[in-house]
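Have a look at the structure below, then the notes.
Position 1 is the first residue of the sequence; numbering continues from there. Counting starts at 1 for both ligands and their atoms, following the listed order.
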Amino acid sequence: MRARALFFCTCALLLGSQLHGAAAGTWESLTDMPVALGEVSAGLLVSENNQTVLVVLGEGDGGTYLYNTDTQEWRSGAPRQFEGNHIGAEVIGNKLYLFGGLRSGGNQVQIYNLEEDEWQAGAELPYEAGSAATAYIGGKVYFCGGIRDDDTIAECITYDVETDAWEEGAASMPYGVNHAASATYNDLLYVAGGRMGRNRVGPGFDYLQIYDPATNEWELGPPLPVARGGMGKAVVLDGLMYVFGGESDVNGPNDETGLTATNVFTRVDVLDLATLEWTLDTPMTVPRHGIFPVVDRNGAVYLAGGGVRRGNSQSQANTVFTL
Ligand SMILES: *[C@@H]1O[C@H](CO)[C@@H](O)[C@H](O)[C@H]1NC(C)=O
């Protein structure tokens, strides 16, 4: 309890001064997506001629959209079999793996091969869930929390990529959440923020939950400086974890927290994974929720689509964040 209170104080002091203060990142707008998408899933794959291709899909359109980061052009790929949304995604062996989802395909693993422009099915999940926190660690995809039967669960299940099989036995999260930001670093799983209960926009929570697959134990770290959900995936760059945007049912605008009048966040929270200290980076120029940031081989973070208003909202925005 004492440690938690201390973190709160530190964060409150830092907040005002750093929200628009010294930060390293630069935002740029790129060619808009051909369609507007919300609740995005994404991954960066490498094409046959060694170019980087951003694969984007989500809510609002069943298509697969491919953005070549060299030519800055969009084209369409084969559509996935189960449309769904709020789908977990990981890039493994230059394929985009989709896990679960809401509305459709909740127990599906859908695997996209860019070279063949083809989708393949993986082993079904033991239950239907979407908006879970995922990470790929040591040959296994951890699929934790999320929404199942219109409620939030705390269970974690794992998918063994090589054997194409689901396993149980991973410890449940201390706090089951949906719409949280997850990432991995040094074989640990980090889950920041998120919401609980039914799938509706709320203020969200500030928990930082850290799982160690080696000990099968969770612990809590210093909380996310502003409670919220809808930040999509978190990305790790040089030992720093970035949490972008998000949404809240708290009414904006609020310059101190970076909440806009449409109730999405501009803020970019950065967790130093060595010291577990939170700082802020340059606010988003197109603040959104339901995004799925992905980092390329040069450390550029791509964010395509996402809602510009809290709740049901889609956009064609395509931005890149570079340090
Ligand atoms: C592919 O591109 C990466 C970086 O963009 C480069 O480091 C690598 O050498 C390239 N590989 C080949 C086979 O050209």
Side-chain angles (χ1 to χ4, degrees), residues 23-34 37 40-58 63-78 80 88-98 110-120 134-141 161-162 181-188 190 232-245 268 270-274 281-282 284-286 288 291-306 316-323:
T26 305
W27 289 94
E28 245 181 286
S29 280
L30 304 170
T31 317
D32 273 359
M33 289 203 301
L37 293 179
V40 167
S41 306
L44 283 161
L45 301 180
V46 178
S47 69
E48 274 172 290
N49 61 352
N50 200 26
Q51 292 186 322
T52 302
V53 176
L54 173 63
V55 184
V56 187
L57 47 94
T64 300
Y65 294 92
L66 309 174
Y67 178 74
N68 183 315
T69 65
D70 295 310
T71 64
Q72 308 204 353
E73 281 167 4
W74 285 97
R75 64 190 168 94
S76 288
R80 62 196 183 276
E90 297 291 336
V91 170
I92 304 162
N94 203 37
K95 289 178 183 165
L96 179 66
Y97 284 68
L98 301 183
Q110 307 185 76
I111 308 165
Y112 183 65
N113 180 324
L114 178 67
E115 255 172 59
E116 311 291 335
D117 188 30
E118 250 173 33
W119 290 90
Q120 220 187 303
T134 68
Y136 177 57
I137 306 169
K140 290 179 184 181
V141 174
V161 176
E162 207 172 297
S182 58
T184 180
Y185 182 68
N186 278 349
D187 291 342
L188 299 178
Y190 294 83
K233 206 79 194 281
V235 300
V236 175
L237 272 169
D238 293 332
L240 303 174
M241 182 175 89
Y242 291 76
V243 177
F244 295 95
V268 178
V270 185
L271 178 67
D272 184 319
L273 297 168
D281 212 306
T282 313
M284 298 175 76
T285 45
V286 189
R288 278 161 287 164
I291 43 181
F292 202 106
V294 285
V295 56
D296 79 359
R297 294 174 286 184
N298 304 314
V301 182
Y302 289 85
L303 293 97
Q316 290 172 261
N318 181 21
T319 56
V320 63
F321 175 83
T322 45
L323 293 172

- [ ] Check the side chains of Arg297 and Thr52 for a donor-acceptor pair under 3.5 angstrom, ignoring hydrogens and angles.
- [x]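 Note: Thr52 and Arg297 side chains meet the donor-acceptor criterion.
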
TODO: State whether the number of non-hydrogen atoms from other residues, nucleotides or ligands found under 6.0 Å of Asp238 atom CG is greater than 12.
DONE: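 Incorrect, the count does not exceed 12.
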
TODO: Give a yes or no on this: more than 12 heavy atoms of other residues, nucleotides or ligands lie within 6.0 Å of atom CD of Gln72.
DONE: yes

TODO: State plainly whether the residues Lys233 and Glu90 are in salt-bridge range, i.e. N to O under 4.0 Å.
DONE: yes

Open item on the list: Can you check atom 14 (O) of ligand 1: any protein non-hydrogen atom closer than 4.0 Å?
Closed with: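 Within 4.0 Å of atom 14 (O) of ligand 1, protein heavy atoms are found.
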
Task: Protein contact of atom 2 (O) of ligand 1 - nearest heavy atom, named by residue and atom, plus distance - done: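 Ranked first by proximity to atom 2 (O) of ligand 1 is Asn50 ND2, 2.4 Å.
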
Open item on the list: Taking distance alone, with N or O pairs closer than 3.5 Å, would you say Asn298 contacts ligand 1?
Closed with: no

Open item on the list: Give the atom numbers and elements of ligand 1 that come within less than 4.0 Å of a heavy atom of Arg297.
Closed with: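 So the atoms of ligand 1 that pass are 1 (C), 2 (O), 3 (C), 5 (O).
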
